[in-house]
Amino acid sequence: MAIKLFDSLTREIRELQPSHPDGVLRFYNCGPTVYAPAHIGNFRAFVINDVLRRLLDLEFGPGRVKHVRNLTDVDDKTIRRAREEGRPLAAVTQQWTEKFHADCAALNCLSPHVEPTATGHIREQVDMIDVLMQKGNAYRAADGSVYFKVSSFDHYGELSRVKERELKLGSALKAAAADADEKEDVSDFALWKAHKDEDGANSWESPWGRGRPGWHIECSAMSKKHLGETIDLHTGGVDLLFPHHENEIAQSQCCNGVTFSRHWFHNEHLLVDGKKMSKSEGTLYTLDDLTAKGFSPMAVRYTLLMGHPRKQLNFTLDSLHAAEKALATLRAFRATLPATGGDPDVFAHEFAVLRDDLNLPEALGALFKVVNDKGLKVNATAFDRVMSVLGLDLQAVARKAAAPAAITALADKRWAVKQAKDFAAADALRKELAAAGWSMLDRKDGYSLEPLKK
RNA sequence: GGCGCGGUAGCCAAGUGGUAAGGCCGAGGUCUGCAAAACCUCUAUGCGCCGGUUCAAUUCCGGCCCGCGCCUCCA
């Protein structure tokens, strides 16, 4: 059964198929800008894309999927950050690239096959801009910047359904862009940005003078280099629909003369407490923020899977509690399963709904139907396949905050008096621990400590 | 102003022209010094509001109300 996925361009649910004769599905996922820790909204996109990747591996075979995800390591934000911290750009982007990788690993996301950087592909970007200049799709402004001429591409706006006219009207309502004076038309966008003082050492030579690439061109260039002129699937968050992906299509198709991507998929955003994440309201969580509250990264991953990828998902701390409990149930269920025997097809519905436009909530619902149905015979291998495609690692040790020494000392003391059957003293110590925000979980052979929740 | 998404139980969230998946919370129970864990049972006559189509609508159509997102560098 083929994988069907909504295509943002045709607005239909369509089958995903490799178009190249080698049978390799070419998959490009827009990656992060590495100037700060990614927040959970970013990770919703990466986790959803990770499930998609796992599903594609399953469908076509691991060697038949080529997954590319870029790192944006030169842009306004990264340069500003480097300037503010008085560090070289590379130091800043390396730090946050490493953090991004660590977070992805904690969330059990597979690594893409290629993870190209913008600064590593200056040559390729310049080459593309050069072709666009020669073909008359781009022009050099007085300050040395190069812009893409939107009016030169008839299909501009087809992805986001934003007509050029309306675009102008919309942007006219806003403050004019800083570079408005340099552009022939407000809709035009930068391919190459002439060097400015605040860019510091971060510029490269080009036929148009020193400068740096515009944002959009990097994806066009890296996609072309690593996947070819026509790719099978291009994904990202809905915010990238316009202008980023619209501009990528314009650049790539004008440059290469062929279809850029055969399929587009965009995940909706994550909301926190029903609203857009906001730094000032303290709702812009990073993975570290949540693990500091005692939640495991796997619970964060599970929470990000609770909603349909194409619908906004309301993230709350309660959802995280729910996820933690759901994972505990799955863990306990897994422990009861025999290695073999049982019905190998009990999870057929899970895979079917995942293949049908990545219906994650329904897949999770179907999963628990199986877990709760005592009449079904399930073996561990079949169950593990489901966990694997969802990327839920039940063995992962919960990354809980370590208890401070004072708390451990109290807990040891309580364990001792409990062994001596001085229950009154044990209860008193339990209260002390609770007052300090810790819960002591007794087992026959010892105890564990967890931060008190709620 | 343009483009788009959504309103389903206390919370999160699927779904269908034929009478509401699932998770959490909550309640009861088994077990257990206590607490927790685990396991069992229960928990929406209802799917924003008003009309229409239909034998039948939460599901289709129209209107309205409310919420959210994007509109030049934010996944």
Side-chain angles (χ1 to χ4, degrees), chain A residues 8 11 29-33 38-49 72 75-77 157 160-163 165-174 177-180 183 186-190 193 214-216 235-244 246-247 266-271 274-277 302-303 306-308 310-330 332-333 335-336 353 359-369 371-372 374 418 421-424 426-427 430-431 433-434 439-444 447-448 450 454:
Chain A
S8 309
R11 292 191 178 185
N29 172 20
C30 276
T33 302
H39 57 249
I40 50 169
N42 296 317
F43 282 118
R44 181 179 194 205
F46 299 126
V47 165
I48 285 170
N49 274 277
T72 297
D75 78 324
D76 290 351
K77 296 193 297 288
S160 55
R161 320 278 155 148
V162 177
K163 297 276 179 290
R165 275 181 238 99
E166 292 155 354
L167 223 173
K168 286 182 193 169
L169 199 73
S171 50
L173 295 172
K174 303 243 171 189
D179 54 1
K183 298 194 279 191
V186 288
S187 300
D188 294 347
F189 56 90
K193 304 179 86 151
W215 174 39
H216 314 293
T235 66
V238 279
D239 53 305
L240 297 180
L241 215 43
F242 186 86
H244 188 52
E246 196 73 73
N247 292 352
H266 295 90
N267 62 276
E268 254 297 346
H269 277 175
L270 189 71
L271 305 178
K275 291 191 176 156
K276 188 184 180 184
M277 287 179 294
Y302 187 99
T303 303
M306 291 200 308
H308 190 107
R310 288 196 292 111
K311 274 182 74 171
Q312 292 173 343
L313 173 65
N314 189 14
F315 183 94
T316 66
L317 256 27
D318 276 347
S319 308
L320 229 31
H321 282 110
E324 207 79 76
K325 297 288 298 221
L327 285 171
T329 301
L330 293 175
F333 179 72
T336 68
V353 295
N359 193 337
L360 289 160
E362 179 142 8
L364 292 175
L367 173 63
F368 275 90
K369 286 280 262 189
V371 169
N372 294 328
K374 301 305 163 203
K418 187 199 159 183
K421 301 223 187 279
D422 182 353
F423 296 127
D427 288 352
R430 176 181 289 290
K431 278 185 186 165
L433 284 163
S439 168
M440 187 164 165
L441 310 179
D442 295 357
R443 294 187 313 272
K444 279 199 172 126
Y447 66 87
S448 51
E450 282 190 8
K454 270 195 152 178

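Source: prediction; values computed, not measured.
Heavy atoms of G214(A) sit nowhere under 4.0 angstrom from any nucleic acid atom. Across all strands shown, F368(A) has heavy atoms under 4.0 Å from sugar-phosphate atoms exclusively, and none from any base. Residue H39(A) is classed as a base contact, given a heavy-atom separation below 4.0 Å to a base. Within 4.0 Å of A328(A), counting heavy atoms only, lie sugar-phosphate atoms of the nucleic acid but no base atom. Nucleic acid contact class of L270(A) (heavy atoms, under 4.0 Å, all strands): base. Within 4.0 Å of L441(A), counting heavy atoms only, lies at least one base atom of the nucleic acid. Within 4.0 Å (heavy atoms only), N372(A) reaches sugar-phosphate atoms of the nucleic acid but no base atom. Counting any heavy atom pair closer than 4.0 Å across all strands shown, N314(A) reaches sugar-phosphate atoms only and no base atom. Within the 4.0 angstrom heavy-atom criterion, only backbone atoms of the sugar-phosphate kind lie near G237(A); the bases stay farther away. K418(A) comes within contact range of at least one nucleobase, with a heavy-atom separation under 4.0 Å. At the heavy-atom level, K431(A) lies nowhere under 4.0 Å from the strands shown. Residue contacts for G307(A): at a heavy-atom cut-off of 4.0 Å it reaches the sugar-phosphate backbone alone, with no base atom in range.
Taking the six-membered ring for Trp and thresholds of 30 and 60 degrees, F368(A) and Y302(A) have ring planes more than 60 degrees apart, a perpendicular arrangement.
Residue L241(A) contributes atom CG, which lies 12 Å from atom P of C70(B) at whole-angstrom precision. The nearest whole Å value for the distance from the CG atom in L360(A) to the P atom in G22(B) is 18 Å.
Heavy-atom nearest nucleotides on RNA chain B were determined for N359(A) and for K325(A), and the one closer to the 5' end corresponds to N359(A).
On a pure distance criterion of 3.5 Å, no polar donor-acceptor pair joins the side chain of D239(A) and the base of G69(B).
The shortest distance between the side-chain N/O atoms of N49(A) and the OP1/OP2 oxygens of A75(B) is not below 4.0 Å. Look at K311(A) and you won't find any side-chain N or O under 4.0 angstrom from OP1 or OP2 of G69(B). An OP1 or OP2 oxygen of C74(B) is reached within less than 4.0 angstrom by no side-chain nitrogen or oxygen of K276(A). Contact annotation: R430(A) does not reach the phosphate of A36(B) (side-chain N/O to OP1 or OP2, under 4.0 Å).
Under a 4.0 Å N-O distance rule, the pair D442(A)/R430(A) qualifies as a salt bridge.
Going from the C1' atom of C50(B) to that of C65(B) covers 10 Å, rounded to whole Å. Taking the C1' atom of each, A44(B) and A13(B) are spaced 14 Å apart, rounded to whole Å.
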